[in-house]
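Worth knowing before you read on, the calculation uses all heavy atoms, side chains too, and leaves out hydrogens, waters and symmetry mates. Model, not experiment: these values are computed from the prediction.
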Amino acid sequence: MIYLDNAATTFPKPEAVYAAVMDCMRNYAANPGRGSYDMTIKASRKVTDTREKIAKLFNIPNLFNIVFTCSATEGLNIGIKGILKKGDHVITTVMEHNSVLRPISYLKGKGVKCSIVKADKDGFVNTKDIEKEIRSNTKMIVVNHISNVTGSIQDIEAIGEVANKKGIIYMVDASQSAGVLDIDVNKEHIDILAFPGHKGLLGPQGTGALYIREDLKVSEFKSGGTGSNSYSMEQPEFLPDKFESGTLNTPGIAGLCEGINFIEKTGINNIRKHEMELTEQLLKEFNSREYITIYGRKDMRNRGAVVSFNISGKDSSDVSAMLNSRGIEVRNGYHCAPLVHDIIGTQNKGTVRISPGYFNTPEDIEALVRAVEEIHSINI
């Protein structure tokens, strides 16, 4: 089996991730922050250790401004729905995932106004186009860092400078970039950063986190027990407790901690270099075949390890199924990013998506290319 769907979730994980999850389950899977006995203290320490690693990775000054979530989707919902109110205006782009578009669509029904900025045919947004949409009531700008369809990398620092200059809350969806690209919340003026644990950070599914800038007022997303102020029926206002009601996924967080450890030891630049070498190999092979259409840039400028394509005369779902029958696992369809397809011209067919990860090899890419050649030659 060759797994090439790392944009959805990375697989396999480093062995230490599996070991950490099982060690927690067997030895200290108590509720962190809910007692003073040995197991809960160990669980609390693991949670704190992981917060510290996340803070270091993204240059976050206060580790308590990091909230654990079950996914990037939950984090994006917390930020978007917790900030925007009736009469506010939000700016986003056609390159966004439904985990941004759907919460905003929901809020439009509650009186929130929205501007959706276009991108060029390769999936890049012009910062000046975002600036043109700013109004007196613009409260937030939301953009993704790397497109999960075209692999295009947006200039989040330039957009952040615009937001900072205008006093607008700036939220970045780092679902495809966390653990692969350097992100500095201060340098890039990021007020809210949402990211999953199970993609580039190499942790288990069911993990993620949200950074919220100091003193930024975000409405609570859910209420309940936090292990703090337990005598009060009011939800705590301080972070991270305000957004961490209920029992944390301690085994998942323990695995996430080891995923970040692996990134630190391997080096984020080495991880990106390897993924980019595989992506360049794939693009070179695909560019030499006239029956393949690549969506997004056909070279390596400002792109992540995501390549969407179609084979002439073949449906994307058929191609994916035939690849699967050959032991190659990829994604097909619209990738939960509907507006992108209006830009790249795949409204009625979607794309086949290849997303190599750190544990893939050049031999995996060679096997994929051979399989694509075979599929092209088949008459359906």
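The side-chain tip of Lys46 does not point at the ring of Tyr28 from less than 6.0 angstrom away and within 45° of straight on.
Partners of Lys110 according to the salt bridge (charged side-chain N to carboxylate O under 4.0 Å, His left out) rule, which considers only residues two or more places apart in sequence or in another chain, do not exist here. Residues that satisfy the ring pair (Phe, Tyr, Trp, His ring centres under 6.0 Å) test with Tyr358, not counting sequence neighbours, are Phe262, His274.
Here the side chains of Glu188 and Ile183 are in contact, with some heavy-atom distance below 4.5 Å. For the pair Ser223/Glu234, no side-chain contact is recorded, criterion being any heavy-atom separation below 4.5 Å from C-beta on. Counting only heavy atoms from C-beta outward, the side chains of Phe68 and Thr207 never approach each other to under 4.5 Å. Here the side chains of Ile168 and Lys139 are not in contact, with every heavy-atom distance at 4.5 Å or above. Residues Phe309 and Ile354 have side chains in contact (heavy-atom distance under 4.5 Å, counting atoms from C-beta outward). Annotation: side chain of Leu278 is not in contact with side chain of Glu275 (no heavy-atom distance under 4.5 Å). Looking only at side-chain heavy atoms (C-beta outward), Ile192 and Ile83 come within less than 4.5 Å of each other. Taking 4.5 Å as the limit, every side-chain heavy atom of Val17 sits out of range of all side-chain heavy atoms of Asn261.
The minimum heavy-atom distance between Ile116 and Thr93, with the atom names listed, is CG2-C, 3.6 Å. In plain terms, the two heavy atoms of Val94 and Leu339 that are nearest each other are O-CB, 3.4 Å.
Of the inter-residue distances, the one linking Met95 atom CE with Lys118 atom NZ reads 12.0 Å to the nearest 0.5 angstrom. Considering CD1 of Ile156 and CD1 of Ile146, their distance stands at 9.0 Å, rounded to 0.5 Å. The CD atom of Glu258 lies 14.0 Å from the NZ atom of Lys13; values are rounded to the nearest 0.5 Å.
Between Glu220 and Lys242, no side-chain nitrogen of the basic residue sits less than 4.0 Å from a carboxylate oxygen of the acidic one, so the salt-bridge criterion is not met. Salt-bridge check for Glu244 with Arg51: passed, with a basic side-chain N closer than 4.0 Å to an acidic carboxylate O. Contact check on Lys273 versus Glu277 returns a salt bridge, with a Lys/Arg side-chain nitrogen under 4.0 Å from an Asp/Glu carboxylate oxygen. Classification of Glu285 and Arg289 as a salt-bridged pair holds, one side-chain N sitting under 4.0 Å from a carboxylate O.
Side chain of Asp5 to backbone of Ser355: no donor-acceptor contact under 3.5 angstrom is found. Not a single donor-acceptor pair under 3.5 Å links the side chain of Asn27 to the backbone N or O of Cys24. Here the side chain of His335 pairs no donor or acceptor atom with the backbone of Ala337 at under 3.5 angstrom. Put simply, the side chain of Thr150 never gets that close to the backbone of Gly296: no donor and acceptor are under 3.5 Å apart. Of the possible polar contacts, none joining the Thr226 side chain to the Ser245 backbone as a donor-acceptor pair under 3.5 Å is found. No side-chain donor-acceptor contact under 3.5 Å links Arg102 to the backbone of Ser105.
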Report task. Check the pair Asn310, Lys349 against side-chain contact (heavy atoms from CB on, under 4.5 Å), reporting the backbone distance first and the verdict last. Result -> CA-CA 9 Å; Asn310 276 313; Lys349 56 187 176 182; 4.0 Å; yes
Report task. Please step through salt bridge (charged side-chain N to carboxylate O under 4.0 Å, His left out) for the pair Arg326 and Glu374, ending with a clear verdict. Result -> CA-CA 10 Å; Arg326 289 162 171 79; Glu374 291 174 7; 2.9 Å; yes
Query raised in the report: Checking side-chain contact (heavy atoms from CB on, under 4.5 Å) for the pair Val306/Asn148: CA distance, chi angles, key distance, verdict?
Result: CA-CA 7 Å; Val306 176; Asn148 70 317; 5.7 Å; no
Query raised in the report: When you look at Tyr3 and Phe11, which way does the ring pair (Phe, Tyr, Trp, His ring centres under 6.0 Å) test go after all the steps?
Result: CA-CA 7 Å; Tyr3 181 84; Phe11 180 87; 5.5 Å; yes
Query raised in the report: When you look at His341 and Tyr334, which way does the ring pair (Phe, Tyr, Trp, His ring centres under 6.0 Å) test go after all the steps?
Result: CA-CA 7 Å; His341 297 276; Tyr334 296 105; 5.0 Å; yes
Requested in this report: Using the salt bridge (charged side-chain N to carboxylate O under 4.0 Å, His left out) rule, take Lys165 and Glu131 through it: C-alpha gap first, then chi angles, then the decisive distance, then the call.
Outcome: CA-CA 11 Å; Lys165 181 177 66 175; Glu131 195 165 11; 3.3 Å; yes
Report task. Give the intermediate values and the outcome of side-chain hydrogen bond (donor to acceptor under 3.5 Å, both in side chains) for residues Glu214 and Asn62. Result -> CA-CA 8 Å; Glu214 196 83 32; Asn62 184 351; 3.2 Å; yes
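The hydrophobic clustering, which links ILVMFWY residues whose side-chain heavy atoms are closer than 4.5 Å, places Val185 and Ile263 together. In the hydrophobic clustering of ILVMFWY residues, with side-chain heavy atoms under 4.5 Å counting as a link, Ile130 and Ile104 come out apart. Met171 and Phe221 fall within the same hydrophobic cluster, defined by Ile, Leu, Val, Met, Phe, Trp and Tyr side-chain heavy atoms under 4.5 Å apart, directly or through other members. Taking hydrophobic clusters as Ile, Leu, Val, Met, Phe, Trp and Tyr residues chained together by side-chain heavy-atom distances below 4.5 Å, Tyr295 does not share a cluster with Phe286. Residue Tyr37 is not grouped with residue Leu248 when hydrophobic side chains (ILVMFWY) are merged at heavy-atom distances under 4.5 angstrom, including chains of intermediate members.
Between Phe58 and Phe195, the ring planes are tilted. Angles from 30° to 60° get that label.
Under a cut-off of 6.0 angstrom, the local environment of CE in Met25 is sparse, with at most 12 non-hydrogen atoms contributed by other residues, nucleotides or ligands. For Arg45, the CZ atom is loosely surrounded, since the number of other residues' heavy atoms within 6.0 Å does not exceed 12.
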